[in-house]
2 protein chains.
Amino acid sequence: MAKGSVPSAVINRLCLYHRCLEEIRGAEGGKDKLNYVSSSKIAAMTGINPAQIRKDLTYFGEFGKRGKGYPAVDLLRELEKILGLDRKWSVIIAGAGNLGKALVRYKGFSSRGFLIEGIFDQDPLKIGKKIGHIFIYDVKEMDKFIRAKDIDIGVLVVPAQSAQEVAEKMVEGGIKAILNFAPARIDLPAKIRIHNVDLSFEFEELTYYLSQ
Amino acid sequence: MAKGSVPSAVINRLCLYHRCLEEIRGAEGGKDKLNYVSSSKIAAMTGINPAQIRKDLTYFGEFGKRGKGYPAVDLLRELEKILGLDRKWSVIIAGAGNLGKALVRYKGFSSRGFLIEGIFDQDPLKIGKKIGHIFIYDVKEMDKFIRAKDIDIGVLVVPAQSAQEVAEKMVEGGIKAILNFAPARIDLPAKIRIHNVDLSFEFEELTYYLSQ
DNA sequence: TAGATTGTTAATCGATTAACAATC
DNA sequence: TAGATTGTTAATCGATTAACAATC
């Protein structure tokens, strides 16, 4: 879809533009479907340089009209296509701790196309119970489950010590991408996409700036 | 402390080095206190270029010995000083939802110097209750509380619509930094440090790569 | 001394932004 | 046409990395 390789900062900003356009659509009540939005309008809303915005978009196509701007609704749809938000994704969560629980109930999921198909834990006291309407299964079943249900994304919310092991089990099942909340670096075959979300880093960066 | 301004990517990597050194200390059982660690050893563990590591460290001082490397324990302590991990920080959490609950119970806090002093919500059913051993207070009391207890860091886990308003209340109380989990951009005076952690962006970036 | 590794410079690489021709 | 705004080039800026003298 994109010409050449796209810096990951671009993808991050695309998410921002997407949210910004949703906001615009919300504000306008979806009435006037042919409204145009300019790069400088998006710039004002996001704080990103307008030239940057235009450049980011041209990685993926020419969506604008010179002299007018970008057709807002069309651009929103294009961004959804680019970001893979125009389809459903199946997700499992490994780790039925507090953070796992919070993620199951996280609104951002259901509103996008993320379907949580199951939760996995090794604690016999948790297995068989439910969080919301999602069952908790034995982590031993995880690879079979992933294969059978063709799960796309695995979310790792297990303790640091078991992160590598559980991640490998996900890969055995044929998972395509992993979002890792465990404070541990994970080594997996390069074809598996891993994103690390490290909450303690967020706090440590903050205290760095407070200490200055 | 640092000479000139330090790119935020450097601070992020410093967190990584810090964790790496903790791991080394853990592995060695704290015995041989004068062990040296070289930039290439840290590089092998973190995947960061050794020249990068040396450069990052020289923003803050000369911690190494030519021909030997860096004294591991000393460097660990220096990093803790730089990152502000050698002292206590007081924290409040605004929003007693699922994510708020998970954060209160997050182990990464207590093990570092982060003290959660209170949780704030506007739901009368929640006010007065506890999560773990931390009380939930009325969000109306928040600014008074921040001032009285000299709170350093506010964690925002409220819905997007109320994020700006609650953040402003934190600033009124004299908060120094905010960690924002609400999917909303917040405008505050420049002296307040804000970090945004946007979980839906993490997922959207992942689905971008899966779509390719 | 010989080997190792730092701190630092200089070269490279990549990302951001200003400027402007194209064009609606 | 005149005004506006894109898509794109070229200039700038900043970050990464290779190389090496200093030195343990």
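All of these numbers come straight from a predicted model, not from anything done at the bench.
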Inset, instruction - Ignoring the backbone of B:Ala9, work out which of C:dT8, D:dA10, D:dT16 is nearest its side chain. - result: D:dT16
Legend entry - Side chain of A:Pro7 - closest among D:dT8, C:dA15, C:dT5: C:dA15
Inset, instruction - Specify the separation, in whole Å, of atom CG of A:Asn49 and atom P of D:dC13. - result: 14 Å
Inset, instruction - Examine D:dT6: is either OP1 or OP2 under 4.0 Å from a nitrogen or oxygen in the side chain of A:Ser39? Give yes or no. - result: yes
Inset, instruction - Send over the distance from B:Lys55 NZ to D:dA19 P, rounded to a whole Å. - result: 16 Å
Legend entry - Residue whose nearest DNA chain C nucleotide is more 5′ - B:Phe63 or A:Ala51: B:Phe63
Legend entry - Base partner of D:dC13, which must satisfy Watson-Crick or wobble distances under 3.5 Å: C:dG14
Inset, instruction - Report the distance from atom OH of A:Tyr36 to atom C1' of D:dG7, rounded to the nearest whole Å. - result: 16 Å
Legend entry - Separation of atom NZ in A:Lys65 from atom C1' in D:dT5, rounded to whole Å: 13 Å
Legend entry - N-O pairing of A:Lys140 and A:Asp121 below 4.0 Å: no
Legend entry - Closest heavy-atom pair and its distance - B:Leu188, B:Ala167: CD1-CB, 4.1 Å
Inset, instruction - In whole angstrom, give the distance that lies between atom NZ of A:Lys41 and atom P of D:dA4. - result: 17 Å
Legend entry - Most 5' of A:Arg54 and B:Lys68 on DNA chain C, judged by nearest nucleotide: B:Lys68
Inset, instruction - Would you kindly give the CD-to-P distance between B:Gln52 and C:dT6, to the nearest whole Å? - result: 14 Å
Inset, instruction - Indicate whether OP1 or OP2 belonging to C:dG7 is found under 4.0 Å from a side-chain N or O atom of B:Tyr70. - result: yes
Inset, instruction - Classify the nucleic acid contact of B:Ser40 as base, sugar-phosphate or nothing, counting any heavy atom under 4.0 Å across all strands shown. - result: nothing
Inset, instruction - Would you kindly check whether a donor in the side chain of A:Arg66 faces an acceptor in the base of D:dG7, or vice versa, at under 3.5 angstrom? - result: no
Inset, instruction - Please say whether more than 12 non-hydrogen atoms of neighbouring residues, nucleotides or ligands are located less than 6.0 Å from CD in A:Glu165. - result: no
Inset, instruction - Tell which nucleotide pairs with C:dA21, taking only Watson-Crick or G-U wobble pairs whose two distances are both under 3.5 angstrom. - result: D:dT6
Inset, instruction - Would you mind reading off the distance between B:Asp56 atom CG and D:dA15 atom C1', rounded to a whole angstrom? - result: 10 Å
Inset, instruction - Step through the shown structure and confirm whether more than 12 heavy atoms of other residues, nucleotides or ligands are within 6.0 Å of CD on A:Gln122. - result: no
Legend entry - Integer-rounded Å distance: D:dT9 P and A:Tyr59 OH: 13 Å
Legend entry - Ion pair B:Glu172/B:Arg147, N-O distance below 4.0 Å: no
